[in-house]
Peer 1: 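Can you read through this structure? Questions will come right after.
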Amino acid sequence: MFCLLVEKVERKMASSRIVTKFRTSFDFKGYEVSRWFPGHMAKGLSRMRRQLKGVDCILEVHDARIPLSGRTPRFQETLSVRPHLLVLNKMDLADLSQKKEIEAKLRKENVNHLTFSSCSSFKDHGVKQIVPMVMDLLATSPDFYKADNEDVTLMVIGIPNVGKSSLINAFRRMYLKKGKATPVGGDPGITRSVMTKIRVSDNPSIFLLDTPGVLSPNIPDVETGFKLALVGAIKDHLVGEDFLADYLLFRLNRQENYRYVEHYKLKEPCDHILKMLAHIAVQLGKSRKIKMDSGTGPVMVHQPNFHAASLQFLRDFRQGALGPAMLD
């Protein structure tokens, strides 16, 4: 037992010496994040504004792993004319050890009504408190006060892939004991139009409007774009899967989150993305043949499939297999 303990301490000390040599900044190499504001986003935003007249309250859903990044400025004019509740979703994937600090920073951005939720795996954490918060918010807003027998209409807005449709379906499970009424997917751009009213509760009588995810046409800086891509709000290929995987490895190391070492059965933390991806590719049994010049003629050799490994690394992060994360 003592020998095992000594061996464990020695491994930890060796890893600490390695980690001190890791990168302290990420080289974006003059990279510019591609703009992703296709036609359905512009049309959806325009239709959302037209439907505001029949909306009592705005539910803005955002990813809890990027609570301070990526919220669309174009929503601000929408939020200013209706009662507004910010729902930081996917809390089960987020490191909320600095939750109070996050709430304080958001209050400085005039976010006065905030809650956290998770709609994955039918657990629906935090969803139950949203309706009481909305009703309290309306009760203190004279222009939008609703009597007990009146319908309440909420518009659900947010950037792509933050769980807006999942939240609507969670409401239906909770209050109507019914299945999903709106499609759910792990890629940005699943909901492409403002849908008709969806009933989510009989008492109180509440309807929700789902809307397409809308990004800002002008992402403020490259790192914000990478954060958005890591949580799936921007399609991977617009950034580059291998480049994005390298940024993810950098962020995990900077936050001293080394769960990937155990997950991928590495000997120690790693700061070299090609070495890391080669190890993952071998684990997956993923390789590809490439033609190389041997000096005497072309030969076919097997090379680790770095692209497949990058996709797996990103997928594991997004599903929480590498532990809770905070990118802000």
Side-chain angles (χ1 to χ4, degrees), residues 22-38 41 62-72 90 93-95 158-163 185-190 213 215-261 263-264 266 269-284 286 288 303-328:
F22 282 4
R23 293 170 289 179
T24 57
S25 63
F26 188 79
D27 182 7
F28 291 101
K29 301 180 177 70
Y31 196 89
E32 291 186 8
V33 178
S34 301
R35 295 178 181 179
W36 194 61
F37 194 73
M41 281 193 183
H62 199 62
D63 195 305
R65 293 168 293 181
I66 50 169
L68 308 174
S69 297
R71 292 178 60 219
T72 303
K90 303 189 180 183
L93 301 177
D95 176 2
I159 64 175
N161 203 28
V162 291
D187 294 315
I190 295 295
L215 281 170
S216 172
N218 300 301
I219 295 171
D221 56 76
V222 175
E223 188 157 19
T224 295
F226 273 66
K227 291 177 183 180
L228 288 167
L230 275 184
V231 300
I234 295 176
K235 290 188 175 181
D236 292 343
H237 72 269
L238 294 176
V239 175
E241 291 87 346
D242 297 354
F243 202 10
L244 190 58
D246 191 20
Y247 178 69
L248 172 57
L249 180 60
F250 166 75
R251 289 301 304 243
L252 293 174
N253 286 334
R254 290 298 292 165
Q255 295 175 355
E256 299 183 356
N257 178 357
Y258 304 124
R259 295 193 187 191
Y260 66 86
V261 175
H263 185 76
Y264 297 119
L266 294 164
C270 174
D271 196 35
H272 193 291
I273 189 59
L274 290 181
K275 181 180 178 181
M276 170 90 164
L277 295 179
H279 181 88
I280 296 174
V282 170
Q283 278 195 334
L284 296 173
K286 297 285 187 179
R288 56 184 178 184
Q303 182 188 71
N305 190 330
F306 294 112
H307 181 71
S310 295
L311 293 177
Q312 185 64 48
F313 187 31
L314 294 170
R315 188 180 302 117
D316 288 341
F317 167 75
R318 289 166 181 160
Q319 293 176 350
L322 306 182
M326 178 53 61
L327 299 176
D328 282 337

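As a basis for the values below, the full set of heavy atoms in this structure was taken, side chains included, without hydrogen atoms, waters or symmetry mates. What you see is a predicted model, and the numbers here were worked out from it, not measured in a lab.
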Peer 1: Please report the shortest heavy-atom distance between A229 and V239, naming the atom on each side.
Peer 2: CB-CG2, 3.7 Å

Peer 1: Quick check: does any side chain N or O of N257 sit under 3.5 Å from a backbone N or O of A325, one acting as donor and the other as acceptor?
Peer 2: no

Peer 1: Do L248 and L244 make a side-chain contact, defined as non-hydrogen atoms from C-beta onward lying under 4.5 Å apart?
Peer 2: no

Peer 1: Could you tell me whether the side chain of L277 reaches within less than 4.5 Å of the side chain of S310, counting heavy atoms only?
Peer 2: yes

Peer 1: Any donor-acceptor pair under 3.5 Å linking the side chain of D271 with the backbone of F250?
Peer 2: no

Peer 1: Among V162, N161, I159, L93, which residue satisfies the side chain to side chain contact (heavy atoms under 4.5 Å, CB included) criterion with D63?
Peer 2: V162

Peer 1: Is there a side-chain contact between K90 and R318 (heavy atoms, below 4.5 Å)?
Peer 2: no

Peer 1: Centre-to-centre under 6.0 Å for F313 and F306, is that the case here?
Peer 2: no

Peer 1: Could you measure the distance from the CG atom of L238 to the CG atom of L228? Nearest 0.5 Å is fine.
Peer 2: 12.0 Å

Peer 1: Between P324 and D95, what is the shortest heavy-atom contact and its length?
Peer 2: CB-N, 3.7 Å

Peer 1: Quick check: closest heavy atoms across A64 and P67, and the distance to 0.1 Å?
Peer 2: O-CD, 3.2 Å

Peer 1: To the nearest 0.5 Å, how far apart are CG in D236 and CZ in R315?
Peer 2: 9.5 Å

Peer 1: Can you tell me how far apart CZ (F317) and CZ (R251) are? Round to the nearest 0.5 Å.
Peer 2: 9.0 Å

Peer 1: Got a second to check how far F26's CZ is from E223's CD, nearest 0.5 Å?
Peer 2: 9.0 Å

Peer 1: What distance separates K227 NZ from I66 CD1, expressed to the nearest 0.5 Å?
Peer 2: 8.5 Å

Peer 1: Between Y264 and Q312, which heavy-atom pair has the shortest distance, and what is it?
Peer 2: OH-O, 4.1 Å

Peer 1: What is the distance from atom NE2 of H62 to atom CG of L68, rounded to the nearest 0.5 Å?
Peer 2: 8.0 Å

Peer 1: Does any part of the side chain of L230, heavy atoms only, come nearer than 4.5 Å to the side chain of F226, both counted from C-beta?
Peer 2: no

Peer 1: For the pair D328 (side chain) and S69 (backbone), establish whether a donor and an acceptor sit closer than 3.5 Å, ignoring hydrogens and angles.
Peer 2: yes

Peer 1: Charged N to carboxylate O under 4.0 angstrom, D246 versus K29?
Peer 2: no

Peer 1: Is the Y247 ring parallel, tilted or perpendicular to the F28 ring (thresholds 30°, 60°)?
Peer 2: tilted

Peer 1: Short question: side chain of Y260, backbone of C270 - any donor-acceptor pair under 3.5 Å?
Peer 2: yes

Peer 1: P304 and A281: which non-hydrogen atoms are nearest, and at how many Å?
Peer 2: CB-CB, 3.8 Å

